[in-house]
K.L.:
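Next up is a structure, given as structure tokens.
The chains referred to below are lettered A, B, ... by the order of the sequence lines, with proteins before strands, and numbering in each begins at 1.
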Number of protein chains: 2
Amino acid sequence: MSAASTPEATNRRAELLRIAGDLFAEKGFRNTTVRDIADAAGILSGSLYHHFDSKESMVDELLQSFQSELFAAYDEILASEQPARAKIEAAVRLSFAAIDQHHAEVAIFQNEADQLGRLERFSYLADRNKQSREVWMTLLREGISSGALRADLDLELAYRFVRDTVWVAVRWYRPGGDLTHDQVADQYLTILLDGIAS
Amino acid sequence: MSAASTPEATNRRAELLRIAGDLFAEKGFRNTTVRDIADAAGILSGSLYHHFDSKESMVDELLQSFQSELFAAYDEILASEQPARAKIEAAVRLSFAAIDQHHAEVAIFQNEADQLGRLERFSYLADRNKQSREVWMTLLREGISSGALRADLDLELAYRFVRDTVWVAVRWYRPGGDLTHDQVADQYLTILLDGIAS
DNA sequence: TAGCCTACCAAGCACTTGCTTGGGAGGTCC
DNA sequence: GGACCTCCCAAGCAAGTGCTTGGTAGGCTA
């Protein structure tokens, strides 16, 4: 019925979660069937329910553990002692590192957050969304007041611009490709900070 | 069996298509059932098949007519006699106008192109993707060779950056909101061209 | 007024969906 | 060697899926 008493004890469970996450990221949550997951794992669909309560709980676990890790890292940057511009660069780099190391989770969050967020179980997604907004707005405000960023920026639009440009890269970036995530982050930062005009 | 001999003759059909498009955009294609569409239209699901062959043909018609209109407009900009920077600005503005006026179609294309593209019927989506790449790469190259854009740009990454930042706005932009699509385009262009740094 | 048309309903078919049930093979612990 | 545990299979259920079928009401045309 329930999973192992200590979830981390069994790594079969962790592997099933990884397989499910990859499929959710590739085909979408609703578009991935429990039979798809079971096939990819080499077992029958019913056997998945020895490890997990439901399909929902799989994606729930993936998103929660990823987000708690991500936001802890954001908080560290916010609390650090460095110039505003360096903080922004660090936050952008962190996001690209997340795309590299937690590709499935980022993709799932980007593609399914709107849909899942309507379910009560996933109401924390809206909270994390607000939290993300506060992180970036704080960084942008610090940047403006310190003189590192243009004072004539529309804060709200600038926030959306930064947020979107950072996370949308999950659509094409593939771990192990030509460029490392830090190289991509460098290029994005030069464009974001200084623009493409000469 | 088949639809009206002249599709534009009946506007009931056009309205059903609009209703379906809104639902596809909001809930996703697979996640929208023919019963959802019929409910929203106030008829029974079977009655939809008097107007359309299949659910697939509905989204097909939406995407094809939108894209043929969009790329005709891009071609006009490419062929026009104006400086490289003005062409880029025009192309960005055109994209935001499309988000405003064809919100559902843009959202569907952004969210479903990867999935639908795997079906042979929607193989033209990949062609349009290449065509879009050629449009933007041409604009960027003209910008660099004319001196309007920085010469040290990574063309490939710059293209992805521009493409993504333009279309991803469909996620939050809502027609009839605080800002017009042209105001949003202005803000995006200042950031894209000159960056957020001071 | 006969023939045809558009737009729809009522019912249901074949299939897919997430999930449940009962059980069994192989290992571990005392 | 008995009790327990982990991990899985075999079979199937109820709900939901896209789509089909036969039919009907009301209008338009000759």
K.L.:
Step by step, would you call A:R141 with A:E134 a salt bridge (Lys or Arg N to Asp or Glu O under 4.0 Å)?
P.N.:
CA-CA 10 Å; A:R141 268 193 281 264; A:E134 281 165 26; over 6 Å; no

K.L.:
Specify the residues of residues 24-41 of chain A, ordered by number, for which at least one heavy atom lies under 4.0 angstrom from an atom of DNA chain C.
P.N.:
A:T32, A:T33, A:V34, A:R35

K.L.:
Quickly work out the A:L44 CG to C:dC19 C1' distance and round it to whole Å.
P.N.:
14 Å

K.L.:
Give the rounded distance in Å between these two atoms: CG of A:D53 and P of C:dT21.
P.N.:
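Atom-to-atom, A:D53 to C:dT21, this comes out as 13 Å.
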
K.L.:
A:F66 and A:F109: aromatic ring centres closer than 6.0 Å?
P.N.:
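Ring centroids of A:F66 and A:F109 are no less than 6.0 Å from each other.
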
K.L.:
Return the value, rounded to whole Å, for the distance between atom CG of A:L48 and atom P of D:dC9.
P.N.:
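The distance from CG of A:L48 to P of D:dC9 comes to 10 Å, rounded to the nearest Å.
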
K.L.:
Please state how far atom CZ in B:R12 lies from atom C1' in C:dC5, giving the value in whole angstrom units.
P.N.:
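B:R12 atom CZ is separated from C:dC5 atom C1' by 17 Å.
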
K.L.:
Could you work out, with side-chain contact (heavy atoms from CB on, under 4.5 Å) as the rule, every residue matching A:V162, not counting sequence neighbours?
P.N.:
A:W136, A:V166, A:L192

K.L.:
Send over the distance from A:Y49 OH to C:dT21 P, rounded to a whole Å.
P.N.:
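Atom OH in A:Y49 sits about 13 Å away from atom P in C:dT21.
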
K.L.:
Among B:Y173, B:Y188, B:W167, find the one that has a ring pair (Phe, Tyr, Trp, His ring centres under 6.0 Å) with B:F96.
P.N.:
B:Y188

K.L.:
Under the salt bridge (charged side-chain N to carboxylate O under 4.0 Å, His left out) rule, what pairs show up with a residue in residues 188-198 of chain B, not counting sequence neighbours?
P.N.:
none

K.L.:
What's the CZ-P distance between B:F52 and D:dC19, to the nearest Å?
P.N.:
13 Å

K.L.:
When you measure from the side-chain N and O atoms of A:H51 to the phosphate of D:dC8, is any distance below 4.0 Å, counting only OP1 and OP2?
P.N.:
yes

K.L.:
Counting only side-chain N and O atoms of A:S47, is one of them less than 4.0 Å from OP1 or OP2 of D:dC9?
P.N.:
yes

K.L.:
Does the pair A:D164 and B:R171 meet the rule for a salt bridge (Lys or Arg N to Asp or Glu O under 4.0 Å), with working shown?
P.N.:
CA-CA 9 Å; A:D164 291 345; B:R171 294 196 167 199; over 6 Å; no

K.L.:
Measure NE2/A:H50 against P/C:dG24 and give the value in whole Å, please.
P.N.:
17 Å

K.L.:
Rounded to whole Å, how long is the line connecting atom NZ of B:K55 with atom P of D:dG18?
P.N.:
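After rounding, the gap between these two atoms is 4 Å.
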
K.L.:
So B:S45, base contact, sugar-phosphate only, or nothing? Heavy-atom distance under 4.0 Å.
P.N.:
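Answer is base: heavy atoms of B:S45 come under 4.0 Å of a base.
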
K.L.:
Does B:S146 reach the main-chain N or O of B:A84 with its side chain, forming a donor-acceptor pair under 3.5 Å?
P.N.:
no

